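In what follows, a single structure is set out as structure tokens and then discussed.
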Amino acid sequence: MSEKLALHGGERVVPEGLVKPWPYVTEADRKAVMAVFDSAAITDQQRVQSEGLAREFADYLGVKHCIAVNSGTAALHMCVASLGIGPGDEVIVPAFTFWATAAAVLHHNAIPVFVDIDPRTYCIDPALIEPALTEQTRAIMPVHIHGLSADMDPILEVAERHGLAVIEDVAQAHGARYKGRMCGAMGHAAGFSTQASKTLSSGCQGGLFATDDDAVYERADQIQYFGERVVVGREREEQEYNARGLGWMYRGDMFSQAFVRSQLKRLDENNALRAENCRYLTEHLSELPGIQTPHVPEECGHVYYNYVVGFDPEALGLDVSARTLRDEAQEALKAEGVNVGLWQRRSVPAQDIFQSREGYGKGCPWRCTDSQVTYNIEDYPRANEFLDSHCYVYGINPPNDLELMGMYVEAFRKVTENIEQALD
Ligand SMILES: Cc1ncc(COP(=O)(O)O)c(C=O)c1O
């Protein structure tokens, strides 16, 4: 017997107000932030918090150096700049990511060259990297998308063979692992985001740069501080006021850094709780016809920044496109109280800036570097297919737990079993 979908006036599966927001704030978080106000000299806290966070995160990752900055994009730009990538140099970037990955390249007048994704993991496909290399290629920038590591060994191998740098975009994958190694500790430098939604969240904006290389660290440190030698906390005595090269003001703020430091203490615990929620979803949703759940290669420790599901009309015996099924099912799931939605709407090369090749003006950086790189939307069929057929299941973060996940599964069952009602 068919059940009436909430979309058509039936009772919703997930009661209103049950999905708890991320990040949740504890008493320890409050104390950590208030301690910044309560310190003897608040002006000294910028140094105390940024150095403290940098040290603790470097230790967490197992690398020598970290710099706490004001965004993940800033951290990625610091990677590009500190590795000596410059005007006209090409950097390999996945066609599916948040576009800041490519923006960090453009910020240094370098040129992103996009490569399609692996259709199972949605990370860059290492097999497609070598054919995209040219005389101008200087680096590869894998993104550990949704909290799952890119397939790093073949990427590192191609980079080594061609003398290229590897920059890890770890904006979405704090604590994720690949063959036991930490994401962000495998390449030459890495950029993390602590923007509000991230698994290590500042509640606002923030980022972390990481590297094991002393010289790369020295350059990055200068780049984030106006191009000057950094003397945080000793400016009056020691600042030279001598820009040694072009730099930016990428310093992070102390209140959000205090909050991030407090949360770092329970990052692994939160990752484990989120993974438990997601494994439960996979176990049960994979039994439903027409629903595709995330593929996790054996060698990867997924931290599930995002949980994505795909829709397969054929498996449901439906003669509609995956996009139509996804869109209609999504509306029905929302009505049932499941927090679902879309993230990226198109591949990065399909975005206006790449289609027009109009960057920061006068066609630069393409025109001013005489770049011949072009962006054909059809060259990235897997990214396009992913974007047409998947949606995101939100509300997977703790303190949401298996009770909510159970309701989510029930709502998916109800919608898939009554999908004709949604498609009417
Ligand atoms: C994959 C990816 N790269 C880079 C960024 C940029 O980070 P931020 O927003 O902190 O600048 C983000 C996040 O927003 C991201 O998801």
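In each ligand, atom 1 is the first atom listed, and ligand 1 is the first ligand listed. Below, all heavy atoms of this structure are taken into account, side chains as well, without hydrogens, waters or symmetry copies. Just so it is clear, the structure is predicted and the values come from calculations on it, not from any experiment. For the single chain, residues carry numbers from 1 onward in sequence order.
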Report task. Is it possible for you to check whether Arg346 lies under 6.0 Å from the centre of the six-membered ring of Trp99, through NZ or CZ, and within 45° of that ring's axis? Result -> no
Report task. Answer yes or no on whether Arg244 is positioned over the face of Tyr225, meaning its NZ or CZ is under 6.0 Å from the six-membered ring centre and within 45° of the axis. Result -> no
Report summary line: of all protein heavy atoms, closest to atom 15 (C) of ligand 1 is Ala171 CB, 3.4 Å
Report summary line: atom 16 (O) of ligand 1 sits nearest the protein heavy atom Gln172 NE2, 2.9 Å
Backbone or side chain, does any N or O of [X] fall under 3.5 Å from an N or O of ligand 1?
X: Gln205; result: no
X: Asp169; result: yes
X: Trp343; result: no
X: Gly72; result: yes

Query raised in the report: What part of Thr73, side chain from CB on, backbone N/CA/C/O, both or neither, has a heavy atom under 4.0 Å from ligand 1?
Result: both
Query raised in the report: Which part of Thr194 is near ligand 1, with near meaning a heavy atom under 4.0 Å away: side chain, backbone, both or neither?
Result: neither
Which ligand 1 atoms, with their elements, are less than 4.0 angstrom from a heavy-atom of [X]?
X: Gly206; result: 10 (O)
X: Val143; result: 1 (C)
X: Phe98; result: 2 (C), 5 (C), 12 (C), 13 (C), 14 (O), 15 (C), 16 (O)
X: Thr101; result: 3 (N)
X: Ala100; result: 4 (C), 5 (C), 6 (C)
X: Thr97; result: 1 (C)
X: Leu76; result: 4 (C)

Between [X] and [Y], does the ring centroid distance fall short of 6.0 Å?
X: His107; Y: Trp248; answer: no
X: Phe96; Y: Phe386; answer: yes
X: Phe37; Y: Phe255; answer: yes
X: His174; Y: Phe192; answer: yes
X: His144; Y: Tyr178; answer: no

Report task. Taking the side chain as every heavy atom from C-beta outward, state whether Tyr60 and Asp268 have any atom pair closer than 4.5 Å. Result -> yes
Query raised in the report: Which option, Gln195, Lys198, His77, owns the non-hydrogen atom nearest atom 14 (O) of ligand 1?
Result: Lys198
Report task. Take Glu299 and Arg177, measure what salt bridge (Lys or Arg N to Asp or Glu O under 4.0 Å) needs, and give me the verdict at the end. Result -> CA-CA 8 Å; Glu299 64 271 21; Arg177 285 170 192 272; over 6 Å; no
**Report entry** side chain to side chain donor-acceptor pair (under 3.5 Å) partner of Arg382, the single match among Asp116, Asp118, Asp125
**Finding:** Asp125
